[in-house]
Amino acid sequence: MISRKRVRWVVSALVAGLLATVGAAVPASAQSTYPFRNPNLPLERRVDDLMGRLTLDEKIGLLHQYQAPIPRLGIKRVKNGTEALHGLAWSNDFYNNGSTVTATATTFPQAIGLASTWNPALIKQVGSAVGSEARGYNSENPLAWGLNLWAPVVDPLRDPRAGRNEEGYSEDPYLTGTMATAYAGGMRGDHPKYLKTAPTVKHYLGYNNEFKRSTTSSSLRPRAKKEYYETGFRMPIQAGVATGVMMSYNLVNGRPATAHADANDVVRAWTDETLMNVTDAFAPNNLIGSQRYYSTLAQADAATLKAGVDSFTTDDTNSARTINAIKSALAQGLLAESDVNTAARNLLSIRFRLGEFDPDGGPYAKITKDVVNSPTHQRLARKAAAESMVLLKNSDRTLPLDPAKTDKIAVVGPLTKSLYSDWYGGNMPYKVTPLDGIKAKFGSGATIADTEAVDRIALREVTTGKYVTAGSDADGENLTVSGTGVAATEQFDVFGWGQGVLTLRSVANGMFVERANFGATSPFVNRADQPRGWFVQQQFKLEGAGDGSYVIRYAGHETPNSWEGPNNYLTVADDGRLILGAPTAATAARFQQEMISSGIESAVRAVTGADAAVVVVGSMPFINGREDFDRTTMALAENQSELIKAVHRANPNTIVVVENSYPTTLNWEQQNIPAILWTTHAGQETGNALADVLFGDVNPAGRLTQTWYKSEADLPDILEYDIIKADRTYLYDRSTPLYPFGHGLSYTTFRYGDLRLSAPVLASGGTVTVSVDVTNTGQRAGDEVVQLYTHQRTSRDKQPVKALRGFQRVHLGPGETKTVYIPLRATDLVHWDVTRDKWVLESSVHDMMVGGSSADIRQGTTLRVVGEKIPPRDLSKETRAANFDDYAGIELVDETKVRGDAVGRIDAGDWIKFADVNLGRGVSSFTARVSRVDAGNATIQIRLDDPVTGPVIGTAQVTSTGDIYRYETTTASLTRVSGRHDIYLVFSGDLRISTFSVR
């Protein structure tokens with residue numbers, strides 16, 4: 001029997017469908033009765049109802065970042081994507097042509113700092129605060145401040161020179177995944193049905209270089225891809241706290257990530273929940289632009305949609321180009337309507353879970369903007385900043401400072417009085433600088449000497465003898481060569497950021513000099529509160545002209561772009577304005593640099609006689625590496641190193657505070673400075689948190705999430721993505737770093753008892769609990785970060801030197817002992833078996849190690865793992881060439897434009913290895929699927945046991961197939977051999993090989 005309620009629902013659906021067909025508007029009263037508006041119905045039924053009411057054009061309209069409104073159903077326009085990496089940051093205003101709008105919201109430490117807390121519970125609180133503030137902004141302007149948040153970034157920090165190091169968490173995949181799960185979990189909220197916000201983890205996959213980022217291909221062998229690069233994405237998605245991924249700009253094994261089938265094949269396999277995957281900004285256009293992977297946008301967008309990406313972030317607010325491309329793809333048969341339906345359904349499912357279609361907006365709709373920068377969030381910001389700080393060195397108990405024994409303290413350095421925002425940060429509601437925090441902590445009865453320790457100069461143009469003059473208004477004036485004397489308007493403070501790059505702050509109004517706009521005659525004006533922007537137009541270099549004078553080179557970030565023109569040097573226009581007028585130093589204006597005051601001399605005066613000298617140095621986040629700009633050095637700015645040395649000579653009781661976003665080569669400082677403290681750019685409460693740590697109100701317990709190397713020479717090329725072969729990160733590196741992964745000191749000491757296991761043997765599917773007693777043996781309460789590492793002693797495959805398997809931050813009072821319990825599952829110890837394309841738990845003895853860092857192992861024991869033995873390879877079955885065990889020279893490439901990896905980009909002598917092959921009683925033939933574009937033949941030698949000296953048992957010829965994606969079969973007869981051997985395929989020239997067999 002059909003209920004009346006069911007009949008009403010069916011009639012309602014039929015009427016709505018009829019009205020949708022004729023395009024009639026539906027009164028609001030009728031809209032509210034639609035089943036999709038009923039929160040009591042199951043989600044799937046609500047989505048089905050709404051999907052059934054949409055026309056094809058309406059569904060296509062949802063696929064752009066700005067999802068089109070559907071007025072007849074009362075559905076508003078929605079924007080995907082609000083930046084919220086370490087606080088609500090920025091978005092785009094649809095009604096102002098997509099221009100950026102920046103939030104003034106609670107600003108927490110940068111992501112690398114959040115991870116340095118090693119405190120997932122705290123990071124979840126931070127994520128929750130950010131999610132609430134996003135809701136608060138959304139309550140006032142939902143179109144600008146959408147609830148699909150593009151955070152966290154989970155790209156593992158494989159190379160510390162990568163520009164976006166500040167955005168990630170760690171070089172360790174497990175730590176990255178743990179912190180991402182915590183942060184995304186806070187943003188998502190704990191409601192079982194509804195989302196506070198919809199976090200999108202980014203950038204999938206193998207994206208850790210900015211150099212030519214849209215055209216370089218990350219060659220990811222299967223083990224590295226599965227064990228390392230996918231982990232940070234998999235963990236939060238499996239946990240149900242991330243609602244999708246953003247695809248990256250780069251290529252992965254030759255295929256643009258934007259249209260990579262992993263979005264469906266891999267990412268969606270991690271969860272039963274509906275995901276909404278998005279492209280990165282303007283990445284769809286790269287497919288037909290810089291990447292030249294497809295000929296038309298219709299082809300590109302069709303491939304992207306079919307690969308599993310639902311939303312196109314491109315062309316700012318103009319969705320027409322995407323809509324037209326999708327329609328064209330449908331007309332050409334490149335897409336089916338079912339492809340559009342799938343993507344539209346994914347998008348709408350997330351909107352339902354956000355509460356958008358509920359009459360009351362769902363349980364999180366009551367959050368208002370009052371929550372933004374609340375006292376609770378301010379306290380959380382201070383706690384997060386303090387817990388993130390890492391004490392790198394502390395000899396002779398230099399720290400903490402004792403206010404009762406400190407009559408005079410000097411605080412010097414270029415970051416003493418400044419807090420800088422970064423590209424993915426919002427506006428800070430207030431700023432507590434290092435000097436502010438120390439002053440507040442130190443009290444009014446003490447003497448504090450301070451200086452930014454930067455040179456103050458005047459620039460006198462050689463030809464006219466006149467000085468460069470700035471304006472005194474708050475918004476500055478055009479710089480002119482007009483001054484006849486040196487007043488405040490002729491004076492500039494010089495901040496050096498390394499490798500000759502500097503910024504000039506006008507003494508007249510405290511604002512930085514910047515290029516006013518683009519164009520050959522663009523003037524320069526003193527109006528920037530800090531260096532910022534996509535094109536950082538506040539950078540200069542003073543280059544010696546050889547006769548004691550200087551030329552000024554403009555070093556803004558847009559200058560490498562060809563559209564900017566050839567002029568990089570400043571000249572003087574007829575009206576006296578400084579403009580870009582010369583392509584080389586030879587025709588540039590020349591200036592005498594007159595020193596008004598020396599930064600180092602002012603610092604020496606300040607620290608002389610002080611009980612302690614605190615030197616605050618570090619980076620400018622818009623200059624020293626960020627999105628689109630990798631670092632080429634890991635050293636401090638040269639002038640900052642000179643400052644530290646001068647201060648130390650004047651006052652041996654020197655404390656160096658390094659405030660930046662990445663590992664730094666502090667070799668001299670480690671050898672000579674008594675105490676070194678590292679903090680990332682830690683947000684609005686930086687100064688208070690720093691003072692809390694320096695004076696001991698907070699006992700530091702931050703730990704490094706990356707290896708700090710001694711030199712760039714310790715690193716391979718930044719484009720080397722094979723961490724296994726290249727011995728990258730602490731997982732495989734056997735060298736002695738400056739500071740190891742997990743390093744961080746405390747003001748107290750800890751003793752570890754014996755390491756205990758709940759069972760001596762761990763079998764497949766099981767869990768063992770690792771426990772250790774930790775005692776605070778000092779006189780001060782503090783936190784210890786107990787870190788569990790394992791090492792597999794025997795394996796068919798190369799294993800990490802050690803790998804983090806668990807950790808716990810534990811608080812201990814003086815003399816207190818606590819037992820720390822860390823669960824270890826058998827699944828934590830699996831690795832990817834390329835011989836069978838699956839995860840494997842091998843039988844082996846594992847070293848169990850616990851301590852305060854990867855290099856500070858306090859206790860250990862062994863665990864016997866009962867799993868399986870990987871059998872010898874059977875190459876008689878069709879084998880993917882990409883599943884090699886070792887290689888030389890080759891790279892992985894796209895087998896087809898849709899999916900699959902092949903071995904390619906080959907030079908003569910390159911090879912791939914397949915270890916421990918069981919040839920049985922003998923083999924006689926080799927068969928391979930190959931392609932080759934070049935005319936003439938290349939060959940594949942099949943060798944035994946060594947790629948150079950091993951016997952050649954056969955040679956296959958590879959002729960041109962005319963296209964890299966046109967594969968043909970090649971065969972070779974083999975000298976009959978039997979038994980177990982390593983098989984090498986050695987190549988004589990460029991070709992591609994996708995699969996092969998030896999029979």
- Query: Between Glu273 and Arg353, does a side-chain contact (heavy atoms from CB on, under 4.5 Å) hold up when you go through it step by step?
  - Reply: CA-CA 11 Å; Glu273 292 190 355; Arg353 294 175 66 196; 3.4 Å; yes
- What's the verdict on side-chain contact (heavy atoms from CB on, under 4.5 Å) for Glu669 and Thr664, showing C-alpha distance, side-chain angles and the deciding distance? CA-CA 11 Å; Glu669 290 78 9; Thr664 309; over 6 Å; no
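- Arg825 is linked by a salt bridge (charged side-chain N to carboxylate O under 4.0 Å, His left out) to Asp828, counting only residues two or more places apart in sequence or in another chain.
- Classification of the Tyr194-His191 ring pair by plane angle, with boundaries at 30° and 60°, yields perpendicular.
- With a 4.5 Å cut-off on side-chain heavy atoms, Thr729 and Thr707 do not count as touching.
- Phe442 CZ to Leu694 CG: the interatomic distance, rounded to the nearest 0.5 Å, is 11.5 Å.
- In this structure Ser853 satisfies the side-chain hydrogen bond (donor to acceptor under 3.5 Å, both in side chains) test with no other residue, sequence neighbours excluded.
- Here Glu167 pairs with Arg164 under the salt bridge (charged side-chain N to carboxylate O under 4.0 Å, His left out) rule; sequence neighbours left out.
- Using a 4.5 Å heavy-atom cutoff, the side chains of His86 and Thr107 are in contact.
- Two residues are said to be in side-chain contact when any heavy atoms from C-beta on lie closer than 4.5 Å; Glu227 and Pro173 fail this criterion.
- Ser619 approaches Asn660 most closely through the heavy-atom pair OG-CB, 3.3 Å.
- Looking only at atom types and distance, the side chain of Glu685 has a donor-acceptor partner in the side chain of Tyr430 under 3.5 Å away.
- Side-chain polar atoms of Arg158 and Asn208 form a donor-acceptor pair below 3.5 angstrom.
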- Does the side-chain contact (heavy atoms from CB on, under 4.5 Å) test come out yes or no for Leu812 and Lys818, once each step is laid out? CA-CA 7 Å; Leu812 295 166; Lys818 288 184 179 179; 3.3 Å; yes
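- Every residue two or more places apart in sequence or in another chain was checked for a ring-ring contact (aromatic ring centres under 6.0 Å, His included) with Phe750, and none qualifies.
- Looking only at side-chain heavy atoms (C-beta outward), Thr827 and Trp839 stay at 4.5 Å or farther from each other.
- The line from CG of Leu757 to CG of Leu824 is 8.5 Å long, rounded to the nearest 0.5 Å.
- Side chain of Thr197 to main chain of Met187: a donor-acceptor pair is present (N/O by atom type, distance under 3.5 Å, no hydrogens or angles).
- Taking Lys383 as the reference, Leu122, Glu387 meet the side-chain contact (heavy atoms from CB on, under 4.5 Å) condition, with sequence neighbours excluded.
- Nearest heavy-atom pair, Glu166 versus Asp422, reported as atom, atom and distance to 0.1 Å: OE2-CB, 3.9 Å.
- Considering only residues two or more places apart in sequence or on other chains, His377 meets the ring-ring contact (aromatic ring centres under 6.0 Å, His included) condition with none of them.
- Separation of atoms OH (Tyr228) and CG (Leu205) is listed at 11.5 Å; rounding is to 0.5 Å.
- Arg379 and Thr376 are linked by a side-chain donor-acceptor pair at a separation below 3.5 angstrom, with hydrogens and angles left out of the test.
- Distance check: Tyr183 OH to Leu149 CG gives 8.0 Å after rounding to the nearest 0.5 Å.
- In this view, Lys226 and Glu230 satisfy the salt bridge (charged side-chain N to carboxylate O under 4.0 Å, His left out) rule, not counting sequence neighbours.
- You'll find the side chain of Gln110 stays beyond 4.5 Å of the side chain of Ser388, heavy atoms only.
- Under the 3.5 Å distance criterion, with hydrogens and angles disregarded, a donor-acceptor pair is assigned to the side chains of Thr749 and Thr777.
- Judged as a salt bridge (charged side-chain N to carboxylate O under 4.0 Å, His left out), and not counting sequence neighbours, the contacts of Asp783 are Arg809.
- In this view, Trp118 and Phe741, Phe807 satisfy the ring-ring contact (aromatic ring centres under 6.0 Å, His included) rule, not counting sequence neighbours.
- Under the 4.0 Å criterion applied to side-chain N and carboxylate O atoms, Arg703 and Glu784 are assigned as salt-bridge partners.
- A 4.5 Å side-chain heavy-atom check between Leu354 and Asn148 finds every atom pair outside the cut-off.
- One finds the CD atom of Gln779 at 7.5 Å from the OG1 atom of Thr748 (value rounded to the nearest 0.5 Å).
- Here the side chain of Asp856 pairs no donor or acceptor atom with the backbone of Gly851 at under 3.5 angstrom.
- Shown here for Pro663 and Asn165, the closest heavy-atom pair between the two residues is CD-ND2, 4.0 Å.
- Looking at Leu715 and Arg728, their side chains come closer than 4.5 Å, going by heavy atoms from C-beta outward.
- Annotation: side-chain contact (heavy atoms from CB on, under 4.5 Å) contacts of Thr679 (sequence neighbours excluded): Met389, Val657, Glu659, Ala682.
- Asp754 and Arg756 are not joined by a salt bridge, as no carboxylate oxygen comes within less than 4.0 angstrom of a charged side-chain nitrogen.
- Taking the side chain as every heavy atom from C-beta outward, Leu275 and Val245 never approach each other to under 4.5 Å.
- Contact check on Arg397 versus Asp402 returns no salt bridge, with no Lys/Arg side-chain nitrogen under 4.0 Å from an Asp/Glu carboxylate oxygen.
- To the nearest 0.5 Å, atoms NZ (Lys369) and OH (Tyr137) are separated by 4.0 Å.
- In terms of modelled atom types and a separation under 3.5 Å, the side chain of Thr82 and the main chain of Gly146 share a donor-acceptor contact.
- With hydrogens and angles ignored, the 3.5 Å screen pairs no side-chain donor or acceptor of His681 with any backbone N or O of Leu419.
- Looking only at distances, a side-chain donor or acceptor of Ser116 sits under 3.5 Å from a matching main-chain atom of Ile112.
- Between the side chains of Lys196 and Ser128, a donor-acceptor pair is found at a separation under 3.5 Å.
- The minimum heavy-atom distance between Thr790 and Arg805, with the atom names listed, is OG1-NE, 2.8 Å.
- Judged as a ring-ring contact (aromatic ring centres under 6.0 Å, His included), and not counting sequence neighbours, Tyr662 has no contacts.
- Here the shortest heavy-atom pairing between Thr181 and Met235 reads OG1-C, 3.6 Å.
- When all heavy atoms of Pro236 and Gly177 are compared, the closest pair comes out as CD-O, 4.3 Å.
- Checked by atom type, the side-chain pair Ser735/Asp733 shows a donor-acceptor distance below 3.5 Å.
- Looking only at distances, a side-chain donor or acceptor of Thr705 sits under 3.5 Å from a matching main-chain atom of Tyr169.
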- Chi angles and distances behind the side-chain contact (heavy atoms from CB on, under 4.5 Å) call for Tyr207, Lys202: CA-CA 9 Å; Tyr207 173 41; Lys202 57 184 188 177; over 6 Å; no
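- Listed for the Gln859 side chain is a donor-acceptor partner under 3.5 Å among the backbone atoms of Tyr752.
- For Trp90, there are no side-chain hydrogen bond (donor to acceptor under 3.5 Å, both in side chains) partners at least two apart in sequence or on another chain.
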